[in-house]
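Each remark here refers to the structure printed beneath this line.
Since the model is a prediction, treat every value here as computed from it, not as a measurement.
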Amino acid sequence: MNKNEKFVITINRELGSGGRTVGRILAEKLGVPFYDKALVKTLEKEFDLSVEEIEKLKGRKHDWWSEFKRNLSIGKAVSVGTQYYQVPMAEVPDMLTTDEMFEAEKQILQGIAETESCVIAGRSGFFVFRNHPNHFSVLIQAPMEHRVNRVAQKQGIAREEAMEVIEKVDKMRERYVNKYTKTSRYDTRNYDLVINIDGKTEDEAADFILRYIG
């Protein structure tokens, strides 16, 4: 990856690994925007960014994402991207998506990357940008004990409940990735770098990525 040209770094991660935080820290160190799934979904809902509406925007303006940011106040949506993305058990069914939603999310992400360098955290980033000329893909993993402790602490729930949340989300994300990419999110061939964060802080993991890309 060439940091001197427009780039996109995608962070795929296991729930409870701290991978989303790694992505945010990495973006700060690189001085580029950070986007995540929560932000994209907020944009869809608040501004009706369906495939049809995105196509209209693209038809009017080639650089539609920059135009969109200039003309609409997305401060509220952007603030979502600064929060820890919690996944309570009751919300797991709502995380399922449709073909239309997946296509809209893909076009939003591709529109972002067309106009600026960025770091994106999301379960299908490695696939959405697989043909991008300056894309670097990372998978952040952690042992189950690490994940359970983190989810329990962040969400203020018992370890047993945290384990149930992780198992549900793992299955849901794997089904999602398999459906839309025809591969597994655990297939390391989809990534340029795989990190086991156990024993490392999020800041140390971000620094490791920075050293790796040079």
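- What you find for Gly23 and Ile11 is that their closest heavy atoms are CA-CG1, 4.0 Å.
- Side-chain contact between Lys171 and Glu174: absent, with no pair of heavy atoms (C-beta onward) separated by less than 4.5 Å.
- Between Asn196 and Pro143, the closest side-chain pair of non-hydrogen atoms falls below 4.5 Å.
- Here the side chain of Lys6 pairs a donor or acceptor atom with the backbone of Glu114 at under 3.5 angstrom.
- Within the structure, every pair that satisfies the salt bridge (Lys or Arg N to Asp or Glu O under 4.0 Å) test and touches residues 203-214, not counting sequence neighbours, is listed here: Lys29-Asp203, Lys29-Asp207.
- There is no path of hydrophobic side-chain contacts, each under 4.5 Å, that joins Ile25 to Met1.
- Thr10 approaches His135 most closely through the heavy-atom pair OG1-NE2, 2.7 Å.
- In this structure, Arg147 contributes its side chain and Leu15 its backbone to a donor-acceptor pair below 3.5 Å.
- Of all heavy-atom pairs between Val32 and Phe7, the closest is CG1-CZ, 3.9 Å.
- Within the 4.5 Å cutoff, no side-chain heavy atoms of Ser124 are placed close to those of Tyr180.
- Under a 3.5 Å cut-off, the side chain of Tyr191 and the backbone N or O of Tyr186 do not form any donor-acceptor pair.
- The minimum heavy-atom distance between Ala113 and Cys118, with the atom names listed, is CA-SG, 4.3 Å.
- The side-chain contact (heavy atoms from CB on, under 4.5 Å) with Ile9 is formed by just one residue from the set Asp192, Ile120, Leu30; it is Leu30.
- Not a single donor-acceptor pair under 3.5 Å links the side chain of Asp187 to the backbone N or O of Ser184.
- Taking 4.0 Å as the cut-off between side-chain N and carboxylate O, Glu202 and Arg20 do not count as a salt-bridged pair.
- A salt bridge between Glu164 and Lys168 is absent, with no side-chain N of the basic residue lying under 4.0 Å from a carboxylate O of the acidic one.
- Remark: Tyr212 engages Phe136 in a ring pair (Phe, Tyr, Trp, His ring centres under 6.0 Å) (not counting sequence neighbours).
- Hydrophobic clustering of Ile, Leu, Val, Met, Phe, Trp and Tyr side chains at less than 4.5 Å, counting indirect connections, unites Ile213 with Val22.
- When hydrophobic clusters are built by joining Ile, Leu, Val, Met, Phe, Trp and Tyr residues whose side-chain heavy atoms come closer than 4.5 Å, directly or via intermediates, Ile195 is grouped together with Phe34.
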Test side-chain contact (heavy atoms from CB on, under 4.5 Å) on Phe126 and Leu139 and set out the steps. CA-CA 9 Å; Phe126 71 87; Leu139 173 65; over 6 Å; no
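- Put simply, the side chain of Arg24 never gets that close to the backbone of Thr21: no donor and acceptor are under 3.5 Å apart.
- Side chain of Asn12 to backbone of Gly122: a donor-acceptor contact under 3.5 angstrom is found.
- Contact detail for Met163 and Val148: the closest heavy-atom pair is CE-CG2, 3.9 Å.
- Separating the CG atom in Leu210 from the NZ atom in Lys3 is a distance of 6.0 Å, to the nearest 0.5 Å.
- The shortest heavy-atom contact between Ala27 and Pro33 is CB-O, 4.0 Å.
- A heavy-atom distance below 4.5 Å is found between the side chains of Arg185 and Asp170.
- With contacts defined as side-chain heavy-atom distances shorter than 4.5 Å, the pair Phe129/Ser137 does not qualify.
- Applying the ring pair (Phe, Tyr, Trp, His ring centres under 6.0 Å) test to every pair with at least one member in residues 146-170, sequence neighbours left out, gives no pairs at all.
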